[in-house]
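Below is one structure; the comments refer to it alone.
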2 protein chains.
Amino acid sequence: MAAINKQSLDQSRLECDTCGAKSCCIGEGLTNEQLQGLKKITTNHGPFQPGQAIFKMEDSFKSLFVIQSGTVKIETVSPEGSNLVDGFFFKGDLIGMEAIGGEQYLHDAIALEETWVCELPFDHVESLCSFIPRLQHKILILLGQKIRHMNETFLHGRYLSAEQRLLLFFQMLCHKNVITKNGPSRSLTLPMPKGDIASYLGLRAESLSRALGKLQSDGIIFNRGRTIEFLDIDAVLKLACK
Amino acid sequence: MAAINKQSLDQSRLECDTCGAKSCCIGEGLTNEQLQGLKKITTNHGPFQPGQAIFKMEDSFKSLFVIQSGTVKIETVSPEGSNLVDGFFFKGDLIGMEAIGGEQYLHDAIALEETWVCELPFDHVESLCSFIPRLQHKILILLGQKIRHMNETFLHGRYLSAEQRLLLFFQMLCHKNVITKNGPSRSLTLPMPKGDIASYLGLRAESLSRALGKLQSDGIIFNRGRTIEFLDIDAVLKLACK
DNA sequence: CGATCAATTGAGTGTGTTCAATGTCAGTGG
DNA sequence: CCACTGACATTGAACACACTCAATTGATCG
């Protein structure tokens, strides 16, 4: 793992009870006493700068990580040598679950923005689960959700056109509250390069670019560098295209 | 769930200690005493005939199922109405994990051959986990494996050609010991129609047929109806094609 | 034996890819 | 201030692979 320094960010945001990721963390719903037990086994790390690794494939699997703030991509290297982006994760997401039961991590986890994470040593979590049924339940639920999410994204995504995949991606961002839906602007500055999005969607950068062009000429979005403006958010959410 | 009768099959194969799926079941590695605890919460069901459902999407999620004998596919109905096969499962496999944390099952589970299953009510399993750390560990491992398997199959599969996907499918069968690797014949009678395989691989039946034809003309397999003979098993395992 | 469903084969089409060229933007140094 | 650089993004033209649709063959079963 990369060298770690604690600095800058308001320390209070890293405490469980005041953590920004509190509501979606695995500790959600625990009593204060239980939360203290959980807090004992965790450690905070950050800030990771864009491009820095939170963990790498070569690292042996020891911990899960909750993203307290920032954005992270996970990626592997394909047999041909190019990078395959397997997922994007945001505040409150738990990463590293793919490695449970394995020796090493399955991906590199790379920060896309300045990012803080909370480390949960897995064997400690497991022990704690035996004493806190609610925690065990929560972990199982999260794993089930992860499976369902992969199922939707990858299984059903593969029958969609480039345009539909892109819309699905925007929907995901919306669901993660990354797009400011309420304001009048409804815009978004992508935390990741477009090449990463293309890879994640199983497309070439060129195809993604054309899909973006198509949506723009249809008046659904306005695409300017890393900023996307959503002119017709309903069209995006309906996936009614094509 | 479909009507259930116990009959025919040698009853002893349904007992935990003599079950054909014993070595890969979630009970693997438990003490005899613990196994008795597990046995108390399970019930056997079968035989399911080809086409019969073990569970359906409409059913509310209550249980996981271990396949004691037979073969099962899981499938969903696409928005357009066609069936999408999401997986094949064999003796010893645990099915229903996608539904953990959800209200209903995510798929229909359909028997492809005469099939017997062992039902594990999930809330009972969860309670038992708190008392048997090894069981909790095993479940977590299985969920992790499931995630890894989906990751490999669907994420990396989507960059492969029809031929490569087919070879990957054969490798999977090999890994599941469905192909008789040792005998001189090295043949296989597919338990599922080719259309199901095509769907699983994200292809049309026609494309699968052509891929099979290509492998045959390359002298790697001999394709005759539902029987496949592997003339060059090494080529299959190497995925060196294309 | 015809009926039905699965599997195969053929011809033509289309979506995304490939490869190469051009454009945009931020950062750097003269 | 402007030219240069390098990473990222866009655009164009030709191609490839799997798709679509239709016709044919094969297998199974009453």
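Sequence lines set the chain letters: A, B, ... in the order given, protein chains first and strands last, and positions in each chain run from 1.
- Looking only at atom types and distance, the side chain of E75(B) has no donor-acceptor partner in the side chain of H107(B) under 3.5 Å away.
- R204(A) has its CZ atom 14 Å from the C1' atom of dC17(D), to the nearest Å.
- Neither side chain, S60(A) nor Q104(A), offers a donor N or O lying under 3.5 Å from an acceptor on the other.
- One finds no side-chain N or O of S161(B) lying less than 4.0 angstrom from the OP1 or OP2 phosphate oxygen of dC17(D).
- Under a cut-off of 6.0 angstrom, the local environment of CD in E58(B) is crowded, with over 12 non-hydrogen atoms contributed by other residues, nucleotides or ligands.
- Taking only side-chain nitrogens and oxygens, N223(B) never comes nearer than 4.0 Å to OP1 or OP2 of dA7(C).
- Distance, K214(B) NZ to dA16(D) C1': 14 Å, rounded to whole Å.
- Looking at heavy-atom distances under 4.0 Å, G225(B) makes no contact with the nucleic acid at all.
- Look at S209(A) and you'll find a side-chain N or O under 4.0 angstrom from OP1 or OP2 of dT10(D).
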Write out a two-atom table: protein N or O, nucleotide N or O from nucleotides 10-13 of chain C, distance below 3.5 Å.
| residue | atom | partner | partner atom | Å |
| --- | --- | --- | --- | --- |
| dG10(C) | N7 | R210(B) | NH1 | 3.0 |
| dG10(C) | O6 | R210(B) | NH2 | 3.1 |

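- Judged purely by distance below 3.5 Å, without hydrogens or angles, the side chains of S209(B) and E206(B) never pair a donor atom with an acceptor atom.
- No donor-acceptor contact under 3.5 angstrom links the side chains of E119(A) and N44(A), judged on distance only.
- When the P atom of dC8(D) is taken as reference, atom CE of M192(A) falls 14 Å away, rounded to whole Å.
- No option in I233(A), V236(A), D234(A), L231(A) other than V236(A) meets the side chain to side chain contact (heavy atoms under 4.5 Å, CB included) test with I220(A).
- If you measure from atom CG of L201(A) to atom P of dT15(C), you get 18 Å, rounded to the nearest angstrom.
- Following rounding to the nearest Å, Y159(A) (OH) and dG16(C) (P) show an atom-to-atom distance of 15 Å.
- When the P atom of dA7(C) is taken as reference, atom CD1 of I228(B) falls 10 Å away, rounded to whole Å.
- Using a 4.0 Å heavy-atom distance criterion, L203(A) is classed as a sugar-phosphate-only contact.
- Here dC25(C) presents its P atom at 14 Å from CZ of R226(A), a figure rounded to the nearest Å.
- Rounded to whole angstrom, the span from the CZ atom of R158(B) across to the C1' atom of dC17(D) amounts to 18 Å.
- Phosphate proximity of dA7(D) to K194(A): absent, as no side-chain N or O sits under 4.0 Å from OP1 or OP2.
- Judged by distance alone, the side chains of Q216(B) and N223(B) never bring a donor and an acceptor atom under 3.5 Å apart.
- If R165(A) and R224(A) are placed on DNA chain C by their nearest nucleotide, the residue sitting closer to the 5' end is R165(A).
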